[in-house]
Amino acid sequence: MSDTTCPRCGHHFTPPSKNEIRPDPTVVRWLQEAVAWSGAMATEEMYVDYLSSCGDAPVSRRRFVADLAYLGIPEVLDDDTHMLVRE
């Protein structure tokens, strides 16, 4: 599978294969190393933090959100802002 460039931020990433279910290791590592938070945080803020910490192979924002949802951190819409909710 070839690399893709995110039209929103310009980062390069490899999209997941259709059969891939597990969260990307960069997302898991970011979650383990990220500053602990509870409650709701803006998705965009968390994604920017992820991008700055993951190095050369970030996943797309969509994949980031899907992986976090798989790990039990869903994204919700609060007014007009997408938020990640961690309990």
Side-chain angles (χ1 to χ4, degrees):
M1 191 169 295
S2 63
D3 282 354
T4 303
T5 300
C6 177
R8 292 186 69 201
C9 65
H11 278 84
H12 298 284
F13 62 93
T14 302
S17 70
K18 292 183 180 184
N19 298 328
E20 191 173 344
I21 298 171
R22 293 181 299 170
D24 188 86
T26 63
V27 175
V28 174
R29 188 171 36 256
W30 172 82
L31 186 59
Q32 291 172 339
E33 296 172 356
V35 175
W37 91 89
S38 61
M41 294 290 289
T43 302
E44 202 60 39
E45 181 181 332
M46 295 288 96
Y47 186 61
V48 167
D49 184 64
Y50 161 76
L51 289 175
S52 67
S53 70
C54 76
D56 295 335
V59 297
S60 67
R61 183 186 182 285
R62 182 181 207 175
R63 174 70 192 266
F64 175 74
V65 170
D67 286 356
L68 289 177
Y70 179 84
L71 294 167
I73 302 173
E75 181 181 53
V76 298
L77 187 61
D78 184 15
D79 293 324
D80 291 330
T81 305
H82 288 90
M83 307 290 281
L84 294 169
V85 180
R86 187 177 194 182
E87 296 178 3

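Counting begins at 1 with the first residue of the sequence. These values consider heavy atoms only, across backbone and side chains, with no hydrogens, waters or symmetry-generated copies.
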Requested in this report: May I ask you to test the Trp30-Asp24 pair for a side-chain heavy-atom distance under 4.5 Å?
Outcome: no
Report summary line: Arg62 meets the side chain to side chain contact (heavy atoms under 4.5 Å, CB included) criterion, sequence neighbours left out, with Ser60
Query raised in the report: Under the side chain to side chain contact (heavy atoms under 4.5 Å, CB included) test, which residues partner Met41, sequence neighbours left out?
Result: Trp37, Glu45, Met46
Query raised in the report: When rounded to the nearest 0.5 angstrom, what is the spacing between CG in Leu31 and CD1 in Ile73?
Result: 4.5 Å
Query raised in the report: Same cluster for Val48 and Val85 if Ile/Leu/Val/Met/Phe/Trp/Tyr side chains link at under 4.5 Å?
Result: no
Report summary line: Across all chains, not counting sequence neighbours, the side chain to side chain contact (heavy atoms under 4.5 Å, CB included) partners of Val65 are Thr43, Arg61, Glu75
Query - Heavy-atom closest pair, residues Leu71 and Pro23 - result: CD2-CG, 3.8 Å
Query - Residues forming a side chain to side chain contact (heavy atoms under 4.5 Å, CB included) with Thr81, sequence neighbours excluded - result: Ala42, Met83
Query - Atom of Thr26, atom of Ala57 and distance for their closest heavy-atom approach - result: CG2-O, 3.9 Å
Query raised in the report: Nearest 0.5 Å, what's the CD-CG distance between Glu44 and Leu84?
Result: 10.0 Å
Report summary line: Separation between OH (Tyr47) and CG (Leu68), nearest 0.5 Å, reads 11.0 Å
Query - Minimum side-chain heavy-atom gap Tyr50-Val59 below 4.5 Å - result: yes
